[in-house]
Every structure is written in C-alpha cells, then in structure tokens.
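Predicted model, so just to flag it, every value in this text is computed and none were measured. Any value given below was found using the heavy atoms of this structure, including those in side chains, with hydrogens, waters and symmetry copies removed. In this chain, residues are counted from 1 in sequence order.
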Amino acid sequence: MSTFPLAIGRRRRTSVRHTLDTRVSPYAYVAPFFLLFAAFGLFPLAYTAWVSLHEWTLLNEEQTFVGLQNYGTLLADGYFWNATFNTLSIGILSTAPQLVLAIWLAHLLNKRLRFQTLFRISLLVPNVTSVVAVVVIFSQLFGRDFGLINWVLSWFGVGQIDWGAGTATSHLALSVMIMWRWTGYNALIFLAAMQAVPRELYEAATLDGASNLKQLVRITVPMIRPTIIFVVIVSTIGAMQVIAEPLLFGTSSGSGGGIVTGGPDRQFQTLALYVYEQGFTKFDFGYASAASWVMFLFVVVVAGINFLVTRRVKGGVI
C-alpha cells in the first residue's frame, strides 16, 4: 500500500496549521485588549452619547428624549466656556514649559555623570507621589499669609498674593503643581529616546566646538522628534482632562466654598471639573454627558492641532 497519499495529507494539515498560526494567532493575541476596550471604552462612550440625548436625572424615573437640546443649552452656557478657557490656559501654562524642561533634563542625564542611576530614579519620585499630598503641600507653599512663595516674593517688595482668588494666579499655581508631577516622567521618556541617538554625533559635534545647547537643538531634538510628538499629544490629552489638582486645590487653598466650581468665581474650574459638577452634584446626567462629548471633541481637535504643529517643527515632516 502506497504511503504517498498519507504524506500529502499530512503536508496539507501541516500547511493549514501553519497558515492558521501565522494569520489567525496574531489576532487572538490582541483580541483580549480589544474586548476590554470595547467593554470599558467603546460601550461607555456610545452609552454616554445616548444619555446626552435625554433629560436624564436621578430626580425623575422617566428619561425624556430631548435630542440635541442639551448640546444647545451647553453651547450657550457661559460657565462651560469659562471652564474651557481655564482648561486651555492651565494646559498651555503647564505643558509648554514642562516639555522644554523635560527635554533639557533628559539631555543632561544623557551625559556621563556620577550617580547617574540615582538621578534618573529621583525623576520618578514626583510622579509616584500621591496627588493629594502634592496639592496639600503646594497649597501651603502658595498660602496667602504663611506661604513660602509669598515669603520669598516679599524680599522683592511684592505684597501678599492670594493665589487661589485670582484667575491668573490660580492658573499659575495649578500649572506649577502639574509641572512638578509630570516633568520627570516625560524626561525619562525623552531620555529613553536619546539613548538610541548615536554617540558619534555628539563626539563629532564636540570636536567641532558645538556647545551643549547647540547639540541639543541641532542633534537631539531632530533625532527624537517622533518621541516629542508622542509626548506632546499625551500631555495635551492629560492637560485637557485635569481634574484632581483643581478639585483638591479648591479644598486646600481656602478659596471660599468653591470646591467643585473651581473657586467662588469659577476662576480655576476645568472642563472635567465642570462635568463632575453637573453629573455628581446636580445629578443632571444628560447634560453632563453632553458636556463630556463636547469635551471629547475638544480633546481630539487640540491633540490633532498639536500633532500637526509638532510634525512640522523646523519645517520638517516625518
């Protein structure tokens, strides 16, 4: 009896298994992520969109369909646009200096230094510190009567500043908190990208007499541009969603009963804090859902603008 047909059958089965392994198994490996994303990402997003089309409160058992009425009311709400301005202001004040400082720190730590590992680990300390502890400490530093910042400013003849009372001062104080927490984290990301830059480029630049700053601008920044784009986008998304710092700052700064409103005059209420106020203090989930969706669109637009701008830094396109 010939074994030739059996051999052909085995080869076909082996070929089928190989095809399934190479073409199907990658999808099986990534399927758990997409299942979790669908359950905890897409479904809540779609359900929030559905809720935003209703008058949905805990005070009524029936949820009345109102269409786009919540969105129309939202776009005419001055408090919403005030929160949008505050979010953009705090985001710009915290993100732009933070990224510049993070690149500079990473550039310094990319050199051969003593205790290099210790310095790199210390950059993560602010990030792993509880945000509650950070806000409490900085609220004391920015205290009006006994704060360290005002004490130092008094040396230059500056009077006592009530940091939580004004729009500009509260934005500056919150930006400093955010910068302190995230600068080291972003610096480590930049440092990881700088490790892949060939050392020969820096050595050649040093021989040509290029300064540290010139090496950073002419060599480091162009070589790590994809990482810069990634960090800018992630930082932008985080800045548009900031909530813990203004919420806790309103509690710790003694700004006068404005915890969820970002101060008595809503001087530092962000979009996320505005959504929190509508949903979890007024229990108007339909209106809060509409605000969440508009906030989501703002995040996409701002992140897209930053992506386009950072791609074309110095006129170059990746």
- Determine, stepwise, if the pair Leu124 / Tyr185 fulfils side-chain contact (heavy atoms from CB on, under 4.5 Å). CA-CA 6 Å; Leu124 273 179; Tyr185 177 83; 4.2 Å; yes

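- Within the 4.5 Å cutoff, no side-chain heavy atoms of Phe285 are placed close to those of Thr48.
- Screening residues 226-236 for side chain to side chain donor-acceptor pair (under 3.5 Å) gives Thr236-Asn306 as the qualifying pairs, with residues at least two apart or on separate chains.
- Environment of CZ in Phe65: crowded, with over 12 heavy atoms of neighbouring residues, nucleotides or ligands closer than 6.0 Å.
- Side-chain contact between Leu248 and Val132 is present, with heavy atoms from C-beta onward closer than 4.5 Å.
- Contacts classified as salt bridge (Lys or Arg N to Asp or Glu O under 4.0 Å) and involving residues 164-190 (residues at least two apart or in different chains) are given here: Arg181-Glu245.
- In this structure, Ile243 and Val275 have side chains that are not in contact, with every pair of non-hydrogen atoms separated by 4.5 Å or more.
- Residues Leu247 and Val260 meet the side-chain proximity criterion, which asks for heavy atoms closer than 4.5 Å.
- Shown here is Tyr79, whose OH atom has no more than 12 heavy atoms of other residues, nucleotides or ligands within 6.0 Å.
- Of all heavy-atom pairs between Tyr71 and Ala290, the closest is CE2-O, 3.7 Å.
- Note that the CG atom of Asn212 and the NZ atom of Lys214 stand 12.5 Å from one another [nearest 0.5 Å].
- If you look at Trp50 and Tyr47, their ring centroids are not closer than 6.0 Å.
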- Could you go through the side chain to side chain donor-acceptor pair (under 3.5 Å) check for Asn86 and Gln267 one step at a time? CA-CA 7 Å; Asn86 291 340; Gln267 61 267 27; over 6 Å; no

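- Residues that satisfy the side chain to side chain contact (heavy atoms under 4.5 Å, CB included) test with Leu172, not counting sequence neighbours, are Trp163.
- Considering only heavy atoms from C-beta on, Met223 comes within 4.5 Å of Pro198 through its side chain.
- In the displayed structure, Gln63 atom CD is contacted under 6.0 Å by more than 12 heavy atoms of other residues, nucleotides or ligands.
- Here the shortest heavy-atom pairing between Phe249 and Ser139 reads CD1-OG, 3.5 Å.
- By the side chain to side chain contact (heavy atoms under 4.5 Å, CB included) test, Thr220 is found to be paired with His107, Met194, Tyr202, Leu216, Ile224, residues two or more places apart in sequence or in another chain being considered.
- Side-chain contact between Ile189 and Val234 is absent, with no heavy-atom pair separated by less than 4.5 Å.
- Taking all atoms of both residues into account, the shortest heavy-atom contact from Ala39 to Phe43 is O-CB, 3.8 Å.
- Annotation for Pro44 and Ala38: closest pair CD-O, 4.5 Å, computed over non-hydrogen atoms.
- The salt bridge (Lys or Arg N to Asp or Glu O under 4.0 Å) analysis of residues 269-285, with sequence neighbours excluded, yields the pairs Arg266-Glu277, Glu277-Lys282.
- In this structure the side chain of Leu271 reaches within 4.5 angstrom of the side chain of Phe80, judged on heavy atoms.
- Side-chain atoms of Tyr274 and Thr87, non-hydrogen and from C-beta on, never get closer than 4.5 Å to each other.
- The two residues Ser52 and Asn70 come nearest to each other via the heavy atoms O-ND2, 2.9 Å.
- The two residues Thr129 and Ala133 come nearest to each other via the heavy atoms CG2-CB, 4.2 Å.
- For the side chain to side chain contact (heavy atoms under 4.5 Å, CB included) test, residues two or more places apart in sequence or in another chain that qualify with Leu141 are Ile137, Phe138, Leu148, Ile149.
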